[in-house]
Amino acid sequence: MVKTNPSAWGRVKHRLRNAALLMLASFTSVAWADLTQIWRLQNGEPFTVEYRDDATLRLTWNGQVLLFRDGSGYWVRRMEGFWQVVDLDDAQQSPLGPLLQSLLTEAGPLGPVAFRLTGSTGSQEQIAGITGRVYTASGRLPDGTTLADTVVLAADPELQRVQHALVQRLRRYGRLLGSGPLDLPPELERDGGLALLRYGNEIRLERLSRAPIDPLRLALPAPPMPSRLPWPVMPN
């Protein structure tokens, strides 16, 4: 029988434990790292996506804020010195829904809500420091208009993870947000798939930031407004 020096074995276990902790810390820092995407819309307006994890995101564009946290979605804005917070789940079932839908629709669609890839151009394009492939696509706008354009897609797991989380949240409130169903190509839907970098001239990723996001930006600035007040209903 081979005898083991207890002190030597203790050192080995200590090193193994430290190595495991380092691996876990490394995995956690990658999996939960904050990521901010700044997109540019066709009209020059920025569209910002702030991602903490799959359940915690903030979208800001054209004076609108959508906040997803704790399994719910909220519309947030500051008006005349006061915060207005609307619980989207409540709004879908209350008289406030049509009014909120009208406000969000006026903010403008964020590009086609449904599209399919129709081919590859064989070329590449670098956007926000990421190299993607250029494809041709056929898209459909919320009003039913179809258009053909080029899109740039990248095999980037980090961007694909944010894209997947964002699409799932938007699908939950699609009709309320005036965006209709989000019908994406299978290449963008599957795990480990492709991430969008540009769709025509309508939306383009401008830059990325991995700086920590201020927790206040992901917190509700006020309690949600009561959803059963006699809010004015917009005409159909």
Side-chain angles (χ1 to χ4, degrees), residues 25 27-39 41 45-79 81-105 107-111 113 156-182 184 188-189 191 195-196 203 205 207-229 231:
F27 173 79
T28 303
S29 66
V30 172
W32 297 100
D34 291 350
L35 182 66
T36 299
Q37 302 176 344
I38 297 90
W39 299 76
L41 304 180
E45 289 284 338
F47 172 63
T48 303
V49 178
E50 294 167 271
Y51 171 94
R52 164 134 309 158
D53 55 54
D54 288 351
T56 312
L57 303 98
R58 174 187 169 118
L59 281 61
T60 310
W61 86 104
N62 202 12
Q64 309 296 319
V65 175
L66 293 177
L67 185 62
F68 301 102
R69 51 168 291 138
D70 303 326
S72 297
Y74 303 91
W75 177 68
V76 180
R77 74 171 177 177
R78 190 169 179 82
M79 189 173 184
F82 294 93
W83 286 107
Q84 294 180 328
V85 179
V86 176
D87 186 312
L88 297 181
D89 288 291
D90 286 347
Q92 289 186 122
Q93 308 297 326
S94 75
L96 181 58
L99 175 60
L100 180 56
Q101 183 177 3
S102 176
L103 290 171
L104 288 168
T105 301
L110 303 178
V113 296
D156 187 297
E158 185 178 39
L159 295 184
Q160 210 263 347
R161 186 176 71 243
V162 177
Q163 174 179 275
H164 184 267
L166 177 58
V167 167
Q168 294 306 309
R169 300 302 170 274
L170 293 178
R171 277 183 174 149
R172 177 172 173 177
Y173 305 106
R175 294 192 179 279
L176 181 63
L177 303 179
S179 64
L182 292 167
L184 302 179
L188 275 73
E189 294 278 10
D191 290 340
L196 182 69
I203 185 166
L205 182 62
R207 65 181 186 274
L208 298 169
S209 171
R210 291 174 177 79
I213 299 170
D214 185 341
L216 290 179
R217 293 188 62 78
L218 301 173
L220 293 179
M225 300 165 61
S227 60
R228 298 299 170 183
L229 294 177
W231 298 101

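Note that the coordinates shown come from a computational prediction; the quantities given were computed from them, not determined experimentally. We number each residue from 1, following the sequence as shown.
Going from atom CG of L159 over to atom CG of L208 covers 5.5 Å, rounded to the nearest 0.5 Å. Taken to the nearest 0.5 Å, the CG atom of L57 stands 9.5 Å off from the CD atom of Q37. Going from atom CE of M79 over to atom CD of Q84 covers 6.0 Å, rounded to the nearest 0.5 Å. Interatomic distance, CG of L218 versus CG of D70, reported as 10.5 Å (0.5 Å rounding). Taking CG from L205 and CH2 from W39, the interatomic distance works out to 5.0 Å, rounded to the nearest 0.5 Å. How far CG of L184 is from NE2 of H164: 10.0 Å, rounded to the nearest 0.5 Å.
Evaluation of the side-chain contact (heavy atoms from CB on, under 4.5 Å) rule for T36 yields I38, T48, E50, S209, I213 as partners, not counting sequence neighbours. Listed by chain and number, the residues in a salt bridge (Lys or Arg N to Asp or Glu O under 4.0 Å) with E189 are R171 (sequence neighbours excluded). Residues meeting the salt bridge (Lys or Arg N to Asp or Glu O under 4.0 Å) test with R172, sequence neighbours left out: D89.
Without hydrogens or angle criteria, Y173 side chain to G73 main chain gives a donor-acceptor distance under 3.5 Å. A donor-acceptor pair under 3.5 Å is absent between the side-chain atoms of R58 and the main chain of V49, judged by distance alone. Side-chain atoms of R169 do not come within 3.5 Å of backbone N or O of R69 as any donor-acceptor pair. For the pair D214 (side chain) and L216 (backbone), a donor-acceptor distance under 3.5 Å is present.
Side-chain contact between N62 and L41: absent, with no pair of heavy atoms (C-beta onward) separated by less than 4.5 Å. The shortest distance between side-chain heavy atoms of D54 and R161 falls below 4.5 Å. Taking 4.5 Å as the limit, some side-chain heavy atom of P221 sits within range of a side-chain heavy atom of V76. With contacts defined as side-chain heavy-atom distances shorter than 4.5 Å, the pair L59/L170 qualifies. Side-chain contact between D87 and Y74 is present, with at least one heavy-atom pair separated by less than 4.5 Å. Residues R210 and D34 are not in side-chain contact: their nearest non-hydrogen atoms beyond the backbone lie 4.5 Å or more apart. Annotation: side chain of Q163 is in contact with side chain of L188 (closest heavy-atom distance under 4.5 Å). For the pair W61/L66, a side-chain contact is recorded, criterion being any heavy-atom separation below 4.5 Å from C-beta on.
Residues A222 and V85 come closest through the heavy atom pair O-CG2, 3.5 Å. Nearest heavy-atom pair across L67 and A219 is CD2-O, 3.8 Å.
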Exercise for review: Let me see the working for V65 and R77 under side chain to side chain contact (heavy atoms under 4.5 Å, CB included), right down to the final yes or no.
Suggested key: CA-CA 6 Å; V65 175; R77 74 171 177 177; over 6 Å; no

Exercise for review: Quick one: do W75 and Q64 satisfy side-chain hydrogen bond (donor to acceptor under 3.5 Å, both in side chains)? Show the steps, please.
Suggested key: CA-CA 8 Å; W75 177 68; Q64 309 296 319; 2.8 Å; yes

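Heavy atoms of other residues, nucleotides or ligands lying less than 6.0 angstrom from CZ of R78 number more than 12.
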